[in-house]
Q: 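Shown below is the structure under consideration.
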Amino acid sequence: MDLAYLLSLELPICKVSDSPSNIPSIQHWTSLQHNLRAQLQDVDDPGWSLNVLRRVGGLDISFETGTTGTNRATAVLVVCELTVNQVNDENEGTASAMTEIYEDAVDVDMDLPYISGFLFVREVFAYELLLQRLRKSAPELEPDVFLVDGSGVFHPRQCGSASHFGISNGLRTIGVAKKLLCFDDFDKAAGEQVEQHMLCNFGDNIPLVGSSGFVYGLALRTAHPAKDTSSKRIYVSIGNGFCLESTKDVILKCCDVGGSYLPEPVRLADLTGRAIERTCKQIHQMQPGPEARQIAIDISNLLSNKSRKTLLDMLEEVSLDLHQRLASVQPESLKRKRSTVEELFLPLQGMYPEAQVGVLLAALRIEKPWAANLHKECLCKQRAGEAMRVAL
DNA sequence: GCGACAG
DNA sequence: ATCTTGTCGC
């Protein structure tokens with residue numbers, strides 16, 4: 001850890017003029033990582049096998065674009081279910097696919113800067129919130145394993161954010177990084193060795209070995225050469241609850257179902273976060289203020305693609321002033337069955353009476369084709385804004 | 001001494 | 001993480 005680098009970030013928790021020993025948080029975080037590392041489980045849970053894998057979670061955070069100053073972001077949890085296709089046109093035994101069965105997003109406010117080696121400070125709090133919300137609203141959908149955008153044991157103290165999240169919450173986790181992390185035991189030279197090594201076929205991999213001999217993880221080719229000619233690979237590491245071999249097996253299973261080099265649940269969480277951020281940006285141009293993010297996230301969380309489409313059609317059919325408040329729209333003017341208006345429009349109006357019609361239309365236009373079959377409970381049964389806004 | 005460092 | 005531009009492929 002380079003202290004000059006840390007100080008140059010102007011951490012709000014310490015003054016730039018402080019001497020290195022006066023950075024309590026860094027020391028605290030470091031010892032927390034050492035404590036957690038001692039509890040890390042790097043062998044398979046008893047009874048684990050790839051055959052029992054049913055659900056896989058993906059966690060990712062997307063950042064606000066454009067606006068300077070405030071550092072807001074959207075954290076997303078997606079849960080996918082592994083489905084075995086009955087129809088095997090080839091002689092292979094199991095052709096499988098992954099379907100999104102759960103999706104949740106929360107607004108996060110990042111006060112703290114990103115510091116290499118301490119990613120957990122920024123991200124794990126949001127992941128824990130998403131976990132609590134999952135356990136509260138759909139405990140039966142809890143995944144068998146969580147894929148975390150970041151690394152696990154591939155870390156200077158062998159406790160990256162994936163391990164941190166897994167150990168703290170007693171979960172099986174895997175770290176999925178898109179870039180190599182370099183530190184004293186796995187330095188730039190070791191990293192270059194790995195990057196130069198060609199990985200040609202799906203599943204090809206080389207270990208990430210530190211100068212101490214410790215195996216931090218794998219560089220893994222996860223794209224099929226026919227589909228993706230680029231040399232993109234991911235760097236996977238044990239998070240918690242698996243050995244490295246099983247970690248690799250789970251990742252490969254999540255990768256050969258989609259068209260990306262990213263495991264499907266992580267890819268979908270990423271797409272969802274980006275879609276929400278795009279919508280936030282559009283809303284923000286019409287109506288500056290913090291409520292824009294909340295509306296975009298609520299609409300994404302609470303309404304299925306189908307319900308959003310219905311509401312959009314309903315509101316577009318009647319000519320409305322985009323600047324008028326939602327509360328001023330007469331439900332009687334909407335050309336839809338009374339039950340449809342009661343289930344969709346009235347709850348929406350109750351949630352955002354003050355919002356401009358144009359803002360709601362923008363939020364309803366969010367595109368998430370990958371979630372086409374995702375079912376959401378009807379709006380009137382949901383409680384709006386509950387625990388959705390957090391400040392980290 | 002300088003730059004680089006998962007997201 | 002995000003911005004950018006062009007390029008390749010379906």
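Sequence lines set the chain letters: A, B, ... in the order given, protein chains first and strands last, and positions in each chain run from 1.
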Q: Answer yes if the side chains of Arg122(A) and Ser161(A) hold a donor-acceptor pair under 3.5 Å, and no otherwise.
A: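 No.
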Q: With a 4.0 Å cut-off, would you call Arg135(A) and Glu142(A) a salt bridge?
A: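 The answer is yes: the pair qualifies as a salt bridge.
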Q: Does Tyr114(A) lie flat on the base of dG7(B), that is, centres under 5.5 Å apart and planes under 30° off?
A: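 Stacking between Tyr114(A) and dG7(B): present.
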Q: Do any N or O atoms of the protein come closer than 3.5 Å to N or O atoms of nucleotides 1-10 of chain C, and which pairs are they?
A:
unit_1: dA1(C); atom_1: OP2; unit_2: Lys178(A); atom_2: NZ; d: 3.1

Q: Using a strict threshold of under 4.0 Å (side-chain N to carboxylate O), is an ion pair present between Glu316(A) and Arg365(A)?
A: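 Yes.
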Q: Does anything in residues 33-43 of chain A reach DNA chain B, meaning a heavy atom under 4.0 Å, and if so which residues?
A: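 Nucleic-acid contacts, sorted: none.
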Q: CD of Glu192(A) versus C1' of dC5(B): gap in Å, rounded?
A: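 For the pair Glu192(A) CD and dC5(B) C1', the rounded distance is 14 Å.
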Q: For the residue pair Cys280(A) and Glu64(A), establish whether any side-chain heavy-atom pair is separated by less than 4.5 Å.
A: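 A side-chain contact is absent here, since even the closest heavy-atom pair is not under 4.5 Å.
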Q: Above 12 or not: heavy atoms from other molecules or residues under 6.0 Å from CD of Glu367(A)?
A: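 No, because the 6.0 Å sphere around CD of Glu367(A) holds 12 heavy atoms or fewer from other groups.
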Q: In terms of ring plane angle, is the pair Phe183(A) and Phe186(A) parallel, tilted or perpendicular, where the classes change at 30° and 60°?
A: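 Correct class here is tilted.
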Q: Between Asp60(A) and Arg267(A), is the closest basic N to carboxylate O distance under 4.0 Å?
A: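 Salt bridge absent between Arg267(A) and Asp60(A).
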Q: Separation of Ile26(A) atom CD1 from dC5(B) atom C1', in whole Å?
A: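 It works out to 13 Å between those atoms.
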Q: Please report the distance, rounded to the nearest Å, between NE2 in His155(A) and C1' in dG7(B).
A: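 Roughly 12 Å, once rounded to whole Å.
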Q: Going by an N to O cut-off under 4.0 Å, is there a salt bridge joining Arg274(A) and Glu277(A)?
A: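 Salt bridge: no.
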Q: Can you measure Arg72(A) atom CZ to dG7(B) atom C1' for me and round it to whole angstrom units?
A: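 Taking CZ of Arg72(A) and C1' of dG7(B), I get 18 Å after rounding.
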Q: When you compare the side chains of Asp298(A) and Tyr352(A), does any donor N or O come within less than 3.5 Å of an acceptor on the partner?
A: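 Yes, a side-chain donor-acceptor pair sits under 3.5 Å.
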Q: Taking atom C1' of dA6(B) as reference, at what distance in whole Å does atom CZ of Arg157(A) sit?
A: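 Going from CZ in Arg157(A) over to C1' in dA6(B) covers 12 Å.
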Q: Within residues 196-205 of chain A, find the residues that approach DNA chain B with a heavy atom at under 4.0 Å, and present them sorted by residue number.
A: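 Within residues 196-205 of chain A, no residue comes under 4.0 Å of DNA chain B.
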Q: Among the clusters formed by ILVMFWY side chains lying less than 4.5 Å apart, do Val236(A) and Leu268(A) turn up in the same one?
A: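 No: no chain of side-chain contacts under 4.5 Å links Val236(A) to Leu268(A).
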Q: dA4(B) C1' sits how many Å from Glu195(A) CD, rounded?
A: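 Atom-to-atom, Glu195(A) to dA4(B), this comes out as 13 Å.
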Q: Are the side chains of Leu303(A) and Leu364(A) in touch, meaning some heavy atoms are under 4.5 Å apart?
A: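 When only atoms from C-beta onward are counted, Leu364(A) and Leu303(A) do touch, with a gap below 4.5 Å.
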Q: Over how many whole Å does the gap from Leu208(A) atom CG to dA6(B) atom C1' extend?
A: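 After rounding, the reported distance stands at 12 Å.
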